[in-house]
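All remarks here apply to the structure that follows.
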Amino acid sequence: MQDPCQIVRKSYGDPIAEDLRFVVKSIVGEENLIEMYPNKSNNYCCGGGGGFLQSGYKDARLSYGRLKDNQIQTTGADYCVAACHNCHAQIHELSEHYGGGYQVVHLWTMICLSLGILGPNEREYLGDDLKEVNIFHPETAM
Amino acid sequence: MSETAIKLDYKKGSIFIDKVQALLPDGGNLNLCLTCGACSSGCPATELSNMDPRKFLRYAAFGMDEEILKSDWVWMCTMCQRCVYVCPMKIDIPQLIYHARASWPREDRPKGILGSCDMALRNDSCSAMGTPPEDFQFVVEDVLEEYREAQPEFKDMEAPIDKQGAELFINQNSREPVTEPDELVPLWKILHIVGADWTYGSKGWAGENYCMFLADDESWEKVTRTTTAQAEQLGCKTFLNTE
Ligand code: SF4
Ligand code: SF4
């Protein structure tokens with residue numbers, strides 16, 4: 001899971017990083033959360049912040065994100081939870097650009113999936129392994 | 001660690017760093033650098049555009065204002081503050097960078113950020129995509145209606161706009177209502193299940209603020225004041241920025 005700079009280091013610090021972990025572990029199971037290091041308040045920025053996504057310096061932005069992509073690929077995880085819009089957009093692009101093939105999901109998607117209330121059209125960012133799992137009202141698929 | 005020697009030209013004077021120091025609490029500690037390099041070694045922007053945070057600060061301290069004020073690296077720092085976090089002297093380098101951004105003529109700043117800020121100034125939504133309030137309202141109502149019918153367990157689910165006295169004022173990144181409206185729904189469901197008393201605002205509903213990234217203080221303040229004024233006018237107790 002990504003520790004968004006804006007939420008963790010720049011706002012509420014390690015306590016909210018722990019809260020995020022509590023939620024993610026409750027959803028996926030403790031043994032399925034693989035940490036990146038450094039993390040929490042000492043986390044590396046993904047490169048999506050500060051306006052970088054819209055600045056036009058795309059190559060620089062992808063180089064910046066290389067460190068984050070390496071961290072994620074090192075975990076071998078299939079999913080990266082990104083509870084920030086900028087992180088989500090940037091890491092999603094990193095996965096495609098560097099060929100990591102991991103999925104990048106919003107926290108709300110994972111919460112609703114675990115509660116069994118995620119419909120068929122709310123699965124834009126799930127991979128094939130989870131696209132068909134526990135679908136709420138499958139008949140409404142579009 | 002050796003770098004090519006640089007010739008200092010003190011005649012120019014270190015005007016820029018003095019100006020920024022005067023603006024920051026405790027001067028942002030800008031003159032306390034030990035040159036240890038902890039900032040640069042953990043900064044993902046190090047080496048982009050041949051710059052890094054320590055070097056940037058050194059240039060500023062030496063009064064080499066031209067080097068830093070013309071460097072496009074200021075747009076490659078994400079203001080993530082990791083350098084401040086690891087710095088033994090807690091030196092606020094990103095603030096220095098922010099002010100370097102602000103020193104660029106507005107029209108020369110990156111077009112994408114500039115355009116997103118100008119879009120936000122177009123109407124009361126403050127959306128970087130320029131979406132007017134009525135379009136936002138239409139999408140929210142339309143999607144809500146559709147899901148209440150399709151998923152009857154959520155027939156009482158709400159997605160209020162301008163609900164007077166709601167506990168939470170929640171804003172929303174423009175990407176969902178504009179490009180992927182189905183992605184709005186999981187958040188609404190969670191809020192419904194936990195019984196949250198919340199509302200969007202017709203004004204200032206958009207969570208992103210590119211005027212801040214643009215270092216356009218006046219516009220940044222306008223966007224922020226629009227959204228907070230709406231939350232206050234509705235009597236909301238907590239402002240939740242989902243961005
Ligand atoms: S970490 Fe702080 S003290 Fe060390 S070089 Fe960077 S700014 Fe200077
Ligand atoms: S705030 Fe800027 S200079 Fe500091 S670590 Fe982050 S990207 Fe680097």
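Proteins get letters first, then strands, A, B, ... in listed order; numbering begins at 1 in each.
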Would you please classify the geometry between the W73(B) ring and the F56(B) ring as parallel, tilted or perpendicular, with 30° and 60° separating the classes?
tilted

Closest-packed option against chain B by number of heavy-atom pairs under 4.5 Å, given H88(A), M142(A), R61(A), Q54(A)
Q54(A)

Does any part of the side chain of S219(B), heavy atoms only, come nearer than 4.5 Å to the side chain of R106(B), both counted from C-beta?
yes

Just give me the residue among E139(A), K68(A), R9(A) that pairs up with chain B most often, heavy atom to heavy atom, under 4.5 Å.
R9(A)

Would you say the side-chain atoms of T75(A) pair up with the backbone N or O of I34(A), donor to acceptor, closer than 3.5 Å?
no

Could you tell me how the ring of F136(B) sits relative to the ring of W205(B): parallel (under 30°), tilted (30 to 60°) or perpendicular (over 60°)?
parallel

What option among T46(B), I190(B), L187(B) has the most heavy-atom pairs under 4.5 Å with chain A?
I190(B)

Measure R123(A) against the heavy atoms of chain B and call it side chain, backbone, both or neither at under 4.5 Å.
backbone

Greatest number of heavy atom pairs closer than 4.5 Å to chain A - which of C77(B), P44(B), A45(B), G42(B)
P44(B)

Below 4.5 Å from any heavy atom of chain A, which atoms of L48(B) appear? Answer side chain, backbone, both or neither.
side chain

Counting N and O atoms only, with roles assigned by atom type, does the side chain of K131(A) sit under 3.5 Å from a partner on the main chain of Y125(A), one being a donor and the other an acceptor?
no

With no hydrogens and no angle check, is any side-chain donor or acceptor of D14(A) less than 3.5 Å from a backbone partner on A17(A)?
no

One option among A150(B), G112(B), P186(B), P110(B) has the most heavy-atom pairs under 4.5 Å with chain A, and it is P186(B)

Assess the side chains of Y147(B) and D182(B): does a donor N or O sit below 3.5 Å from an acceptor N or O?
yes

Best-contacting candidate, R175(B), E47(B), M79(B), against chain A by heavy atom pairs under 4.5 angstrom:
R175(B)

Answer yes or no: is there a side-chain heavy-atom contact under 4.5 Å between H106(A) and H85(A)?
yes

Taking every heavy-atom pair that is under 4.5 Å apart, which of C5(A), P4(A), S55(A) has the most such pairs with chain B?
S55(A)

With a 4.5 angstrom heavy-atom cut-off, could you sort out which part of L214(B) is near chain A: side chain, backbone, both or neither?
neither

Which atom names give the shortest non-hydrogen contact between M119(B) and A128(B), and what distance separates them?
CB-O, 3.3 Å

Contact class of Y64(A) relative to chain B, heavy atoms under 4.5 angstrom
both

Comparing M212(B), E183(B), K111(B) against chain A, the one with the most heavy-atom pairs below 4.5 Å turns out to be E183(B)

Taking every non-hydrogen pair under 4.5 Å, which of G48(A), A60(A), S63(A) racks up the most with chain B?
A60(A)

Against chain B, label L53(A) side chain, backbone, both or neither, depending on which of its atoms sit under 4.5 Å from a heavy atom there.
side chain

Considering only heavy atoms and a distance below 4.5 Å, find which of I193(B), V86(B), I113(B) pairs most often with chain A.
I113(B)

Heavy-atom distance under 4.5 Å between the side chains of D197(B) and L168(B), does that happen here?
no

Look at the rings of W198(B) and Y200(B) and say which category their plane angle falls in: under 30° parallel, 30 to 60° tilted, over 60° perpendicular.
perpendicular

Examine whether an atom of E180(B) lies under 4.5 Å from a heavy atom of chain A, and if so say whether it belongs to the side chain, the backbone or both; otherwise answer neither.
side chain

Checking heavy atoms, do the side chain of Y98(B), its backbone, both or neither come under 4.5 Å from chain A?
neither

If I measure from the heavy atoms of chain B, does L67(A) come under 4.5 Å with its side chain, its backbone, both, or neither?
side chain

Counting heavy-atom pairs under 4.5 angstrom with chain B, the leader among C45(A), S41(A), C112(A), G56(A) is S41(A)

So which part of P152(B) gets closer than 4.5 Å to some heavy atom of chain A, the side chain, the backbone, both or neither?
both

Specify which of L107(A), N43(A), T109(A), N121(A) makes the most heavy-atom pairs with chain B at under 4.5 Å.
N121(A)

Between C83(B) and C39(B), is the SG-SG gap less than 2.5 Å?
no

R101(B) portion near chain A, given a 4.5 angstrom heavy-atom threshold:
side chain

Check whether R66(A) reaches the backbone of L62(A) with its side chain - one donor and one acceptor, N or O, closer than 3.5 Å.
no

